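Computed from a predicted structure; not experimentally measured. Count residues from 1 along the sequence.
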Amino acid sequence: MALLTPLFAFLYHLPLVYKWLLKPYYVASLFMSLAFLAIRKTPGICEHLSTTREDGNSCDFDWREVEILMFLSAIVMLKNRRAITVEQHVGNIILFSKVANVFLFFRLDIRMGLLYLTLCIVFLMTCKPPLYMGPEYIKYFNDKTIDEELEKDSRVTWIVEFFANWSPECQSFASVYADLSLKYNCAGLKFGKVDIGRYGEVSKKYRVSTSPLSKQLPSLVLFQGGKEIMRRPQVDKKGRAVSWSFTEENIIREFNLNELYQKSKKLSKKGERNEKAIESQFPPVPEEEEMEADTNAQEVETETKKDK
């Protein structure tokens with residue numbers, strides 16, 4: 001079952017996978033992940049490679065290479081058990097394939113290993129995974145607007161994601177958070193995001209560490225009346241984040257989104273009724289242009305009556 005679930009998820013999202021693979025980041029990553037396989041199996045190149053096989057066939061994997069590849073498969077399966085999106089599945093495969101390629105190239109030839117490692121470092125520094133650009137109902141805060149918006153209306157409940165663009169976990173979570181905003185956003189329940197990798201003062205004020213070792217990215221915080229009610233992942237007394245899976249089901253359950261949504265919809269309907277009742281009791285004051293037009297019309301009527 002552990003093998004079938006990722007397979008079914010991959011097949012279900014296969015049309016999206018094609019779109020990802022056409023992007024430069026994934027095209028380059030795919031070539032780098034398959035680099036050792038291509039060199040070992042390409043006729044005209046593999047004949048010049050060293051091998052430890054008894055039959056001397058340098059165009060096939062030896063027992064140590066097979067062992068490394070099997071270990072790679074096991075690591076990818078373990079990591080993908082906690083993956084929540086197809087992007088994370090593909091990202092884990094690419095990451096650990098590159099790590100395995102480094103070991104395989106160094107074992108084959110130290111010069112090839114150094115060359116491949118240099119390419120990986122350059123790729124890491126120059127290429128970033130494409131950001132999620134799909135539909136969403138999310139307001140983006142900065143260090144000056146976040147406090148103002150959270151305290152603006154005490155009736156509004158905010159769910160705010162503290163993220164950093166360089167974090168792979170935040171990038172993978174972007175589509176999940178966007179889907180939640182599309183389903184649950186209303187007048188009384190709103191979704192926001194703030195890049196604490198860019199606004200360091202916000203991370204200090206709301207106690208969200210930007211260190212990769214802290215495992216606090218992303219962090220979801222529920223605010224009511226400008227005050228924090230709960231957050232995930234939780235942070236223990238030593239400042240360490242408690243492991244938590246950012247799946248859509250977990251967020252809906254932990255933050256009680258269905259109940260929050262129903263309450264927020266009732267509040268927004270009551271607010272609309274109150275506004276309509278006030279408008280019915282106090283009709284809107286005509287604008288200056290309308291008042292001038294009425295005055296001119298009355299003057300014309302009086303002049304015509306005098307002429308008659």
Handout entry: Under 3.5 Å: donor-acceptor pair, side chain of S219, backbone of Q216
Key = yes
Practice task
Determine whether I68 and V99 fall in the same hydrophobic cluster, where Ile, Leu, Val, Met, Phe, Trp and Tyr are linked whenever their side-chain heavy atoms lie under 4.5 Å apart.
Solution key: no
Problem - Validation row: E67, F71 side chains within 4.5 angstrom (heavy atoms) - result: no
Handout entry: I146 backbone acceptor or donor facing E149 side chain under 3.5 Å
Key = no
Exercise for the section: Would you name the heavy atoms of A187 and V156 that are closest together and state the gap between them? Expected result: O-CG2, 3.7 Å
Problem - NZ (K41) with more than 12 external heavy atoms under 6.0 Å - result: yes
Exercise for the section: Would you please test E228 and R207 for salt bridge (charged side-chain N to carboxylate O under 4.0 Å, His left out) and show each step? Expected result: CA-CA 11 Å; E228 179 181 331; R207 304 182 307 280; 3.7 Å; yes
Handout entry: Y177-L189 co-clustered via ILVMFWY side chain contacts under 4.5 Å
Key = yes
Exercise for the section: Measure across F141 and G192 and return the closest heavy-atom pair with its distance rounded to 0.1 Å. Expected result: CE1-CA, 3.9 Å
Practice task
Enter the distance from N185:CG to K190:NZ here, rounded to the nearest 0.5 Å.
Solution key: 7.5 Å
Exercise for the section: Quick one: do K263 and E259 satisfy salt bridge (charged side-chain N to carboxylate O under 4.0 Å, His left out)? Show the steps, please. Expected result: CA-CA 6 Å; K263 288 181 178 179; E259 185 177 342; 3.2 Å; yes
Problem - Transitive ILVMFWY side-chain link I196 to V160, under 4.5 Å - result: yes
Problem - Check: D62 side chain, R53 main-chain N or O, donor-acceptor pair, under 3.5 Å - result: no
Exercise for the section: Apply the test side-chain contact (heavy atoms from CB on, under 4.5 Å) to residues T52 and R64: give CA-CA distance (whole Å), side-chain angles for both, the deciding distance (0.1 Å), then the verdict. Expected result: CA-CA 9 Å; T52 58; R64 181 63 71 181; 5.6 Å; no
Problem - Any side-chain heavy-atom pair of S50 and D109 under 4.5 Å - result: no
Practice task
Quick one: closest heavy-atom pair of T126 and V122, and the distance?
Solution key: OG1-O, 2.7 Å
Fill in the blank from the handout: When rounded to the nearest 0.5 Å, the distance separating OG of S172 from CG of N92 is 8.0 Å
Practice task
For F123, look at atom CZ and say whether over 12 heavy atoms of other residues, nucleotides or ligands are found less than 6.0 Å away.
Solution key: yes
Practice task
Decide side-chain contact (heavy atoms from CB on, under 4.5 Å) for T157 and I229; before the verdict, give the C-alpha distance in whole Å, the side-chain angles of both, and the deciding distance to 0.1 Å.
Solution key: CA-CA 10 Å; T157 299; I229 304 301; over 6 Å; no
Practice task
Measure from the ring center of F103 to the ring center of Y116 and say whether it is less than 6.0 Å.
Solution key: no
Completion exercise
To the nearest 0.5 Å, atom CG of L180 lies from atom CD1 of I252 at 5.5 Å
Exercise for the section: Flag yes if Y206 and F191 sit in one hydrophobic cluster, no otherwise; membership is Ile, Leu, Val, Met, Phe, Trp, Tyr, and two members link when side-chain heavy atoms are under 4.5 Å apart. Expected result: no
Practice task
Any chance you could measure N258, atom CG, to Y184, atom OH, to the nearest 0.5 Å?
Solution key: 4.0 Å
Fill in the blank from the handout: The reported gap from NZ in K98 to OG in S33 (rounded to nearest 0.5 angstrom) is 6.0 Å
Problem - Minimum heavy-atom distance between L217 and A164, given as atom pair plus value - result: CD1-CB, 3.9 Å
Handout entry: V194 with L150, same ILVMFWY side-chain cluster at under 4.5 Å
Key = yes
Problem - Backbone N/O of S245 and side chain of N250: donor-acceptor pair under 3.5 Å - result: yes
Handout entry: Atom OH of Y140: over 12 foreign heavy atoms under 6.0 Å
Key = yes
Practice task
Might you work through the side-chain contact (heavy atoms from CB on, under 4.5 Å) test for I39 and F105, ending with a clear yes or no?
Solution key: CA-CA 10 Å; I39 289 176; F105 276 118; 3.5 Å; yes
Exercise for the section: Would you indicate whether the side-chain heavy atoms of K205 and D147 approach each other to under 4.5 Å? Expected result: yes
Problem - Heavy-atom donor-acceptor pair, Q171 side chain to N165 backbone, under 3.5 Å - result: yes
Practice task
Without swapping roles, check the side chain of T51 against the backbone of S58 for a donor-acceptor pair under 3.5 Å.
Solution key: no
Practice task
Determine the minimum heavy-atom distance between I138 and K193, stating which atoms define it.
Solution key: CG2-CG, 3.5 Å
Exercise for the section: For side-chain contact (heavy atoms from CB on, under 4.5 Å), just list the numbers for M32 and C120, CA-CA rounded to whole Å, side-chain angles, deciding distance to a tenth of an Å, and then say yes or no. Expected result: CA-CA 8 Å; M32 293 188 67; C120 288; 3.5 Å; yes
Problem - Salt-bridge contact R40-E65 (side-chain N to carboxylate O under 4.0 Å) - result: yes
Practice task
Keeping the roles fixed (side chain from S73, backbone from L69), state whether a donor-acceptor pair exists under 3.5 Å.
Solution key: yes
Exercise for the section: Would you check if F162 and R231 make a side-chain contact, meaning some heavy-atom pair closer than 4.5 Å? Expected result: no
Handout entry: Sidechain-backbone polar pair: T118 side chain, L114 backbone, donor-acceptor under 3.5 Å
Key = yes
Practice task
Determine, for K183 against E248, whether the closest basic-nitrogen to carboxylate-oxygen distance falls under 4.0 angstrom.
Solution key: yes
Problem - Nearest-0.5 Å distance, CD1 of residue I251 to OG1 of residue T247 - result: 6.5 Å
Fill in the blank from the handout: Smallest heavy-atom separation, P218 atom then F246 atom, equals O-CZ, 3.1 Å
